[in-house]
Amino acid sequence: MASERYNAPVREKHWQKVWDDQGTFQTNDKSKKPKRYQLEMFPYPSGRIHMGHVRCYTLGDVMARYKRAKGFNVLHPMGWDAFGLPAENAAMERKVHPRKWTYENIDTMRGQLKAMGLSIDWSREFATCNPEYYQHQQRLFLDFFKKKLAYRKTAKVNWDPVENTVLANEQVIDGRGWRSGAVVEQRDLTQWFFKITEYAEELLQALDTLQATWPDFVCTQQRNWIGKSTGANMKFALEGGKLPKKLQTLEVFTTRHDTIFGASFMAISAEHPLAAHLAQKNKELAEFIEECRKIGTSEEALAKAEKKGFDTGIVAVHPFKDGVQLPVYVANFIVMGYGTGAIFGCPGHDQRDLDFARKYARPVVPVVLPPGAQADAFSIGAEAYVGEGTMINSEFLNGLTIEAAKDKIAGLLEERGIGERKVNYRMRDWLLSRQRYWGCPIPVIHCPTDGIVPVPIEALPVQLPEDVTFDKPGNPLDHHPTWKHVKCPKCGEPAVRETDTMDTFVDSSWYQFRYTAPNAATPTDKKALKYWAPIDQYIGGKEHAVLHLLYARFFTRGMKATKHVDFDEPFTSMFTQGIVVHETYRSENGDWLTPDEVKIEGDGPNRRATSIATGRPVEIGDIEKMSKSRKNVVDPDDIIAHYGADTARLFIVSDSPPDRDIIWTDAGVAGASRQVQRISRLIDEVAEKQPGKLGPKPATFGPEAHALRRAAHKTLHSVGQNIEGLRYNVAVAQLYELTHALSAAQSQRGEGLDWAIREAAEMLVQMIGPMLPHLAEDCWERLGYNTLLADQSWPQTEPALLVDDRITIAVQVNGKRRDELTIARTASKEEIEAAALKLETVARALDGRSATRVIVVPQRIVNVVG
RNA sequence: GCGGACGUGGUGGAAUCGGUAGACACACAGGACUUAAAAUCCUGAGGGGGCGACCCCGUGCGGGUUCGAGUCCCGCCGUCCGCACCA
């Protein structure tokens, strides 16, 4: 039996059934062990799992299994982010109901995930499209509504013309819909919003704490997105035309109120009410505004567009300098959505203002003097001065620092009632309405007399109707003949349901808590949450750095305000995994080919690809993220069926650090498969020579046995640390080293060596458990155990074996390595120095000079300087 | 433009504190086994020089700090990511 190949696909099915039958991974809520909540972002049930899923869930599963072995009570659940547009597209294209399509996909993908051998507690599984789930989401929405965290307003919204729905700001990337890629249009609509801005400051502040356990780039991106700027609002009186009272003052936001004496013009957005008012009687202005609007849609064009202004003839009165009037321009670079949609221009200290001032011949007066510069010799050329300095040309501010000047102006503004200190955020409220069918209905009713009436909690869930059609554009819920017509819960008169559904990001903003009590009658269960929450480690894709992770952070705060949770941050530590990439292949006529349609020969510069079907040459293209459009995909099912899940898992965790992109290659998979066989063979050899369990430990060990034991225990120690730190690739390398040491020991003889080999083999099996769970289980059985490896605790190290009696340290002469020295670990500095100086290699390198200085770092290095 | 991350052999990568650079693996070359192949095992290998013990160079480039720098500091170059007329 020793040389038989390990039949992974067969054995893996066996072990999966055993785990399933025994309920090995069912989580016990009543355990006394310390808890560990390990979570990976749940998948959208698009049809089949892809390698990105395999990577994400493997990374999480290694940690979950490791923590389990380390004595933690682990919660490692799985579910489905099941609402969303693709289901409706399938309904339109294939005449299949979104529900049917979704649940069928879930069945397929659940089977695929189970074939990966994940240590998931499947009893907690749910899909967000289950009414049992979304009824609680509707409850949360109503609680948010009561707290005014959900509200309705008319606003310019991003309209995705392909998805036929609105999008939140976060979902517009480079002016295009994040999913459809369609150029987004601006429309005025009344929509539901979550008041995420209420928590802007908190969400920002808490990042300082998260920084320690979250990736830097995620924190940075969230900071940028929140976009805090501290400044002041300032009101200017307007003159030079007949204006309605409301428009006689112009309020601007500035972060440089210190530079007010350098102001030389005002600029307002083309969408500013004042611009609209003036345009009524000014045809040229109206044309200018129209021109701005045309450019205004795409940010790309906006960035390239030349700065242009239109002098309205209106002037603003300088609030601190008598007799100074500042002309008011409508300008194409002022956005209405930020601040007040109006600025004062100080060309001396803002590049954009300077460009504008030069173009329209406005004065440029420096008001901040750089350190060391002479006031009378300092002027502004082509570049604005934005650095530190002291105030000049600024009357009562002269001589102050920028900060002191800001403070003084802000005080005066507040004293005179013409402004105040003001903090602005770039972040807008979260637009959650979607004009779609396959989403969670927003549980409110519009009554002609009572206005917006929440659906009573006992009437939840507001269920989606089954009988919908997708044959005309727009929202099927709106077209439905009866669904929306209801009686007002307040007055009983005819009313209509809200037909908007929620953004699917709402579904994924709180699912992490639902797993802790998936059957609770309320959205969360206090007791379960107290034990399990928050998530100890969350793993997912980089693309959610702002979207999902920011929403979930907000939602947790909203749930705290509505007493559903009692903490602020959902994810204690966050890990973003890299993507799976693969070469692309293109035939002569430009069609993409899948990897299995292509035959590769040669290597290096001689590497050639040909089409299997036609025999014609194929161009090997860039290495890109696996995608259906490029056809550079490898189906996990094929890999699992051919090599087994353990091989796929091993490939995923070897070589590439988990946060970097990983290049999927056939050669790499074959290599991983060889390692699986190698380990299997090695364990067979050990089990054959020494059948039965590990016997009693011998009293003494010879040098060979001692060396192997040291290697095994050291590996145990550092593999544990490397798994904890998600350096799985390093852990795998160390396991290979132990495998080599164990192989080599097989052909040696020595006192206690058989026992040491047995011990090392068992440790190896236990250490590969998190990564290669099926193989480990199989080997454990072969080693004579009838217990499950999955139930074994992580082996203990013998601390004495982690330190060597004698160690080898490098010997340098003038910083260059010349030799090495094996010496007692406890050797003193003097002993090391003496031993080093005795070395012939040292004397030769000194070349006749004498040592002037010897640096000794015990247990590390000795450096002779001479 | 601003912000962040990164840059190590043919390739993926390792080096946790400033202390033997290149662990481990892929690919490659040579060898063993075999009628042959597959599979497996063994050996070799950063670059250059020398018959050789050995010597020189080497972590994107240029400086610096240090007994000692892949690691720290300054200045460049390059790649990737995010944000971008944000007042």
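Hydrogens, waters and symmetry mates play no part in the numbers below; they use all other heavy atoms, side chains included. Labels below follow one simple rule: chain letters A, B, ... track the order of the sequence lines, proteins then strands, and each chain is numbered from 1. No experiment lies behind these values; they were computed from the predicted model shown.
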Below 3.5 Å between N/O atoms, which protein atoms pair up with nucleotides 47-56 of chain B? Just atom names and distances, please.
from	atom 1	to	atom 2	distance (Å)
B:C55	OP1	A:R818	NH1	3.4
B:C56	OP1	A:R818	NH2	3.4
B:C56	OP2	A:R818	NH1	3.1

**Asked** Expressed as a whole number of Å, how far does the P atom of B:G64 sit from that of B:G13?
**Response** 32 Å

**Message:** In whole Å, I'd like the distance from the CD1 atom of A:I600 to the C1' atom of B:A27.
**Reply:** 14 Å

**Request:** Between B:U43 and B:A36, how far apart are the C1' atoms? Round to whole Å, please.
**Result:** 24 Å

**Message:** Can you check the distance between B:A69 and B:G62, where both ends of the measurement are the P atom (answer in whole Å)?
**Reply:** 15 Å

**Fill in**
Assigned chi class of B:C17 under the 90° convention is syn

**Item:** Between C1' of B:A87 and CD1 of A:I260, the distance in whole Å
**Value:** 12 Å

**Prompt:** Can you name the residues that form a side-chain hydrogen bond (donor to acceptor under 3.5 Å, both in side chains) with A:N158, not counting sequence neighbours?
**Reply:** A:N169, A:Q186

**Cationic N near anionic O, under 4.0 Å, A:R844 to A:D819** = no

**Request:** For B:C67, take OP1 and OP2 only and decide whether either is under 4.0 Å from a side-chain N or O of A:R853.
**Result:** yes

**Request:** Please round to the nearest 0.5 Å and tell me the distance separating atom CD1 of A:I662 and atom NE2 of A:H582.
**Result:** 11.5 Å

**Request:** Could you tell me whether the phosphate oxygens of B:C26, OP1 or OP2, come under 4.0 Å of any side-chain nitrogen or oxygen in A:R674?
**Result:** yes

**Fill in**
Which of B:C26, B:G19, B:A87 is nearest the side chain of A:A667? It is B:C26

**Request:** Tell me which nucleotide among B:G12, B:C85, B:U16 gets nearest to the side chain of A:S656.
**Result:** B:G12

**Request:** Not counting sequence neighbours, list each pair that qualifies as a salt bridge (charged side-chain N to carboxylate O under 4.0 Å, His left out) and has a residue in residues 718-745 of chain A.
**Result:** A:K67-A:E724

**Message:** Under 4.0 Å, heavy atoms only, any strand: does A:Q721 hit a base, just the sugar-phosphate, or nothing?
**Reply:** base

**Item:** d(CZ, A:F344; C1', B:C86) in whole Å
**Value:** 15 Å

**Prompt:** OP1 or OP2 of B:A39 sitting under 4.0 Å from any side-chain N/O of A:R681?
**Reply:** no

**Prompt:** Can you tell me how far CD1 of A:I268 sits from CD of A:E251, rounded to the nearest 0.5 angstrom?
**Reply:** 14.0 Å

**Asked** Would you say B:C86 has OP1 or OP2 under 4.0 Å from some side-chain N or O of A:R352?
**Response** yes

**Message:** Applying salt bridge (charged side-chain N to carboxylate O under 4.0 Å, His left out), can you list everything that pairs with A:E820, at least two apart in sequence or on another chain?
**Reply:** A:R817

**Prompt:** Rounded to whole angstroms, how far apart are CD on A:E685 and C1' on B:C41?
**Reply:** 11 Å

**Request:** For A:T808, report the nucleic acid contact type (base, sugar-phosphate, nothing); a contact means any heavy atom under 4.0 Å.
**Result:** base

**Item:** Separation between the P atoms of B:A29 and B:A14, rounded to whole Å
**Value:** 27 Å

**Item:** Euclidean distance for P, B:G3 against B:C55 (whole angstrom)
**Value:** 47 Å

**Asked** Under 3.5 Å, is there a donor-acceptor pair linking the side chains of A:T584 and A:D622?
**Response** no

**Message:** Under a 3.5 Å cutoff, is there a donor and acceptor pairing between the side chains of A:Q211 and A:D216?
**Reply:** yes

**Message:** Heavy-atom count check: over 12 atoms from other residues, nucleotides or ligands less than 6.0 Å from A:K359 NZ?
**Reply:** yes

**Prompt:** Counting any heavy atom closer than 4.0 Å, what does A:V857 reach on the DNA or RNA strands: base, sugar-phosphate only, or nothing?
**Reply:** base

**Request:** Sugar-phosphate means primed atoms, P, OP1 and OP2; the rest is base. With that split, encode nucleotides 68-74 of chain B 5' to 3' as B, S or - using protein heavy atoms under 4.0 Å.
**Result:** S------

**Asked** Under the side-chain hydrogen bond (donor to acceptor under 3.5 Å, both in side chains) test, which residues partner A:Y338, sequence neighbours left out?
**Response** A:S229

**Request:** To the nearest Å, give me how far apart CZ (A:F265) and P (B:A87) are.
**Result:** 15 Å

**Base orientation of B:G58, syn vs anti, 90° cut from 0** = anti

**Request:** Tell me, yes or no, whether the heavy-atom count around A:N814 atom CG, taken from other residues, nucleotides or ligands under 6.0 Å, exceeds 12.
**Result:** yes

For nucleotides 8-11 of chain B, tabulate all protein N/O to nucleotide N/O atom pairs closer than 3.5 Å, reporting atom names and distance.
none

**Fill in**
Atom CG of A:N722 and atom P of B:G13 are separated, to the nearest Å, by 16 Å

**Request:** Could you check how far CZ of A:R5 sits from P of B:A39, rounded to whole Å?
**Result:** 9 Å

**Asked** How close or far is atom P of B:A25 from atom CD1 of A:I679, stated in whole angstroms?
**Response** 11 Å

**Fill in**
Of A:R678 and A:I809, the one whose closest nucleotide on RNA chain B sits nearer the 5' end is A:I809

**Request:** Return the stems involving RNA chain B, sorted by first number, where pairs are Watson-Crick (N1-N3 with N6-O4 or O6-N4) or G-U wobble (N1-O2 and O6-N3), both under 3.5 Å, and runs are 3 or more long.
**Result:** B:1-7 with B:77-83, B:10-12 with B:24-26, B:28-32 with B:40-44, B:46-49 with B:54-57, B:60-64 with B:72-76

**Request:** Please list residues of residues 728-740 of chain A whose heavy atoms come under 4.0 Å from any atom in RNA chain B, ordered by number; otherwise none.
**Result:** A:N729, A:V730, A:A733, A:Y736, A:E737, A:H740

**Prompt:** What interatomic distance, in whole Å, is found between C1' of B:G49 and the corresponding atom of B:G1?
**Reply:** 50 Å

**Request:** Check every atom of B:A14, B:G19, B:C85 against the side chain of A:N332 and return the nucleotide holding the closest atom.
**Result:** B:C85

**Prompt:** To the nearest 0.5 Å, what is the distance between CG (A:D350) and CZ (A:F344)?
**Reply:** 9.5 Å

**Message:** For the C1' atoms, the ones on B:C56 and on B:G44, what distance do you get once it is rounded to whole angstrom?
**Reply:** 23 Å

**Message:** So if I take every side-chain heavy atom of A:F253 and compare against B:G13, B:G12, B:A87, which nucleotide ends up nearest?
**Reply:** B:A87

**Message:** I want to verify a distance call: between B:C86, B:U20, B:A87, whose nearest atom is closest to the A:S229 side chain?
**Reply:** B:A87

**Item:** Gap in Å between the two P atoms, one belonging to B:G75 and one to B:C26, rounded
**Value:** 43 Å

**Asked** For RNA chain B, which residues in residues 216-224 of chain A have a heavy atom at a distance below 4.0 Å?
**Response** A:D216, A:T220, A:Q221

**Contacts of type salt bridge (charged side-chain N to carboxylate O under 4.0 Å, His left out), residue A:E830, not counting sequence neighbours** = none

**Prompt:** Looking at A:F356 versus A:F265, is the centre-to-centre ring distance below 6.0 Å?
**Reply:** yes

**Request:** Name the nucleic acid region contacted by A:P657, choosing base, sugar-phosphate or nothing; use a 4.0 angstrom heavy-atom cut-off, strictly under.
**Result:** sugar-phosphate

**Asked** Looking at residues at least two apart in the chain, or sitting in another chain, which of them share a salt bridge (charged side-chain N to carboxylate O under 4.0 Å, His left out) with A:R55?
**Response** none

